[in-house]
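See structure below.
Please read these numbers as outputs of a predicted model, since none were measured by experiment. Just so we're on the same page: letters track the sequence lines, and every chain starts at 1.
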Amino acid sequence: MQLSEQEIVRREKLAKLREMGIDPYPAALYPVDHSTKQIKADFKEGKKVNIAGRLTSRRIQGKASFAEVQDSEGRIQVYFNRDEICTGDDKTLYNEVYKKLLDIGDIIGIEGELFKTQVGEMTVKVTNFTLLTKTLRPLPFAKTDADGKVYDKFDDAEQRYRQRYVDLVVNPDVKNVFVKRTKLFNAMREFFNSREYFEVETPILQPIPGGAAAKPFITHHNSLDIPLYMRIANELYLKRLIVGGFDGVYEFSKNFRNEGMDRTHNPEFTAMEIYVAYKDYNWMMDFTEQLLEHCAVAVNGTTQSTFGDHTIEWKAPYPRVTMTDAIKQFTGFDITGKSEEELYAFAKAEGIEVDNTMGKGKLIDEIFGEKCEGNFIQPTFITDYPKEMSPLTKEHRDHPELTERFELMVCGKEIANAYSELNDPIDQRERFEAQLALADRGDDEAMFIDQDFLRALEYGMPPTSGLGIGMDRLIMFLTNNPSIQEVLFFPQMRPEKKLNVDLNDDEKMVYELLKKSGKVELNALKSDSGLSNKKWDKTVKGLTGKKVAKVEKTDDGLFIDLV
RNA sequence: GACUUGGUAGCUCAGCUGGUAGAGCAUCACACUUUUAAUGUGAGGGUCCUGGGUUCGAACCCCAGCCAAGUCACCA
C-alpha cells in the first residue's frame, strides 16, 4: 500500500504512543456528560464538564494552546495549558503527547472547566485529556475567516459521495440535510400514527414485480430455484392487507428500478405508500395537503421552503386542476372525446416525440409532460388521468374514459400519486390484460398479471384510497437540493477501480535485468533495456514507486539497485 | 446513450507558445502563556486519472479508455 507522507507520520506517532504505554484505541467507555451544544446553551463559568469529539483545529503558542473539539452537535473551543495539564515536573503529557503526537481528526475525551477568554469565546479549560481514537488519515477540515468566507472546503462531489463519512465529518451543512430527512420520516409517522394508521412491512423479494410500470432487478433463489424480482412498488401487497381487514396501512418502502441514473434517479429509492379504507381520492387530496403542511413545518419550522429560485408555499389547500383543463390551459387543445389518431396528430403537430406503440393514455401523458408539467411550481393537484395510463385506478364516477387519480406537482415535478383504488376484480383483470396488449405492442414497462392479487380482490376490498410519495424528491424540495445524491447517504456510484500493484511487462523485464546485474549505473541499464525515453521513465518510476528498486545519486553518478 | 466540462500535493486550486511541477492551508522542525483563517523562520511532500502516439523534450498537442459533474434523450 502506498502511503502519503502524512499517513506515514501518523503511523509513527501511533507507534510512539504505544511505546509510551498509551493505548490509541482504548476499550473503556468515556464518561461524557455534556455535548458542545449543552455547554453553549447553559454556560456557567467554572462548571466542570466531560466532553468527547474530534480535534478540528489547533493554535499552539508555546506553553498554551487553543483547539476546537467537534462532537455530533457542534464545536467548542478548548484551552490546553501546560501547567494546568501537567501539575508536576513531568511535562510529557503536554509537550509530547498533546503537541507532537496528537493530530487534527483524532478523537479525544476532555475533562475540564468552563471559562471565557479575553475575547469572550466560550471555552473549556482542559484539566485532563484522553486519546480515544487515533486517526491515520488527515481529515480535510475547511477554514473559515472572520468574514465567514470558507477556504479549502471539501466539495468534490465524487469524493463526497464515495466517502460520505468524511463529507459528514467536515461539512456540517451536509449532515443537516440528513437530520432533516429523518425529521421528515418522523413527522410522517407521527401524522399517520396519530390517526391510528398501521405501519407494516411487505416483501422486497417478489415473484411478480407489480404496482408500477418499471423495469425490475432480477435475482434468483437457490432453494426454490425460481427467479425473484426486487420490488418496484409495494402497492399490491398493501392492498392485500386492506382486503385482510386493516383500515389504514402504510409502509416506507425501499424500491428498486433497473433504469437510468441521473440527478433525480437512483436505482434504489424510498417511497411512502398509504392505503385507507372507505375513502376516495377527494378525501386523499385533503389528507395529502394537511400531511405536507405538517411535514414542512416539522422539517423547516415554517410552511415555506426555498428551491432554487422558487419559494414553495406548503400551506394547505392546494389548487386542483384536471389534466384536461391543464392541457387546455397550456395548449388550447381539448382532449375530451378525441380518438387516438387525433391525439397522435396533435402531438406530432406540437413537435412532441411520439410513436405508434403509444396508446391514447400515453399520448395524453406525453402532451401533458411536454407542455404542462413544468408550469406547476407551487403544489398543485393534477386530477383525472386517462384510464389507459392508470391500470390500478377506479374509473371516474362521471367520465368513463378517465380515472379517479391525482398527482401532486411541485416545481414541475411529480412528488405524489394517488387513486381511488380499483376494487372491481373483473375490471382489474381486464385492465391487466390491456397492459399485456400494450406489452405485445412493445411497451416494455407494461405490468404483469398478478393472479394472487386478483384472487384477493375477488374476496372483496372495501373502497379505498391510496397515496404514494417519493420521499427522496420531497426531501430534495424541502432542503433545496437539486440532486438526489445529496439526500441519500450512499448514492449508487460506479465502483472505484483498484490500483494495479503488480508489475507490468516492462517493469518485469527491467527487474530481471537488474537482478542479473545488481547495482548498476542508471544510463547503462537504460540502454540495456532498449526502452524509449518515455517508457524507461515510466518503468523506473513504476519500480521505485512500488518499492522494488531504488535510485541513488552519488558523486560517481546515478545508480539503480533492487531494494 | 449523445454532447459539454473537469481529473495536478492530504484539501482548495494555478500552471503562459511544449522546455527542471507551483501557491495557500495542512504536515514536519524551531520560537511563542488568552488565540481564533494565530504568528514568525525553515524544511519535506507529486503515478500531473490510465494506456498509447507525435517530439530532442508532454501536465500541456493527438488517439483510445476510465471516473465524475452538467445538459439533453430515455425513464417516474
When we call it a touch if two heavy atoms are under 4.0 Å apart, what does [X] touch: a base, just sugar-phosphate, or nothing?
X       : answer
R82(A)  : nothing
L139(A) : nothing
R473(A) : nothing

Between [N] ([atom2]) and [X] ([atom1]): distance, integer Å:
X       : N      : atom1 : atom2 : result
I104(A) : U36(B) : CD1   : C1'   : 13 Å
L101(A) : U27(B) : CG    : P     : 14 Å
R75(A)  : A37(B) : CZ    : C1'   : 12 Å
F154(A) : C13(B) : CZ    : P     : 12 Å
Q159(A) : C13(B) : CD    : P     : 10 Å
D145(A) : C25(B) : CG    : P     : 13 Å
D83(A)  : U33(B) : CG    : C1'   : 8 Å
N95(A)  : U33(B) : CG    : C1'   : 13 Å

Using atom P of each nucleotide, how far apart are G65(B) and U4(B) to the nearest Å?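 My reading of the P atoms in G65(B) and U4(B) gives 14 Å.
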Quote, to the nearest angstrom, the C1' distance that separates A21(B) from U8(B). 9 Å
Any donor-acceptor N/O pair under 3.5 Å between U36(B) base and E68(A) side chain: no
Any donor-acceptor N/O pair under 3.5 Å between G7(B) base and D156(A) side chain: no
Looking at A37(B) and Y151(A): do their rings stack (centroid distance under 5.5 Å, interplanar angle under 30°)?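 It does: the two rings, one from Y151(A) and one from A37(B), meet the stacking criterion.
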Please tell me which of the listed nucleotides, [options], lies nearest to the side chain of [X]?
X       : options                : result
D155(A) : A37(B), U33(B), U12(B) : U12(B)
F66(A)  : C28(B), C11(B), U34(B) : U34(B)
E5(A)   : A38(B), A68(B), G44(B) : G44(B)
E158(A) : A26(B), C67(B), C75(B) : C67(B)
R162(A) : A68(B), C30(B), U27(B) : A68(B)
D152(A) : U27(B), C25(B), A69(B) : C25(B)

If you count heavy atoms of other groups shown closer than 6.0 angstrom to NZ of K91(A), is the number above 12? yes
Using a cut-off of less than 4.0 Å, is there contact between a side-chain N or O of [X] and OP1 or OP2 of [N]?
X       : N      : value
R58(A)  : A38(B) : no
Q485(A) : A68(B) : no
R59(A)  : U35(B) : no
K153(A) : C25(B) : no
K143(A) : A26(B) : yes

Report yes if the distance between the aromatic ring centroids of [X] and [Y] is under 6.0 Å, otherwise no.
X       : Y       : result
F252(A) : F185(A) : yes
Y318(A) : F376(A) : no
F129(A) : F80(A)  : yes

Donor-acceptor pairs under 3.5 Å, side chain of residues 465-476 of chain A to any protein atom, not counting sequence neighbours: which ones?
residue: S465(A); atom: OG; partner: D280(A); partner atom: O; Å: 3.4
residue: S465(A); atom: OG; partner: Y419(A); partner atom: O; Å: 2.7
residue: D472(A); atom: OD1; partner: R181(A); partner atom: NH1; Å: 2.9
residue: D472(A); atom: OD1; partner: R181(A); partner atom: NH2; Å: 2.9
residue: D472(A); atom: OD2; partner: T270(A); partner atom: N; Å: 2.8
residue: R473(A); atom: NH1; partner: E414(A); partner atom: O; Å: 3.3

Can you check whether S57(A)'s main-chain N or O pairs, donor with acceptor, with E68(A)'s side chain at less than 3.5 Å? no
Short question: side chain of N480(A), backbone of G308(A) - any donor-acceptor pair under 3.5 Å?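 Indeed, once roles are kept as given, a pair shorter than 3.5 Å links the two residues.
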Evaluate the side-chain proximity of S483(A) to Y161(A): yes if any heavy-atom separation is below 4.5 Å, no if none is.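 Yes, at least one pair of side-chain atoms sits under 4.5 Å.
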Ring-face cation contact, F43(A) with K116(A), 6.0 Å cut, 45° max: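 Yes.
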Has K125(A) got its NZ or CZ under 6.0 Å from the middle of the six-membered ring of F115(A), at an angle within 45 degrees of the ring axis? yes
By a strict heavy-atom criterion of less than 4.0 Å, which residues belonging to residues 117-129 of chain A are in contact with RNA chain B?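 Within this stretch, T117(A), Q118(A), V119(A), E121(A) sit under 4.0 Å of the strand.
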For nucleotides 1-4 of chain B, print each protein N/O atom paired with a nucleotide N/O atom at under 3.5 Å, atom names and distance only.
none

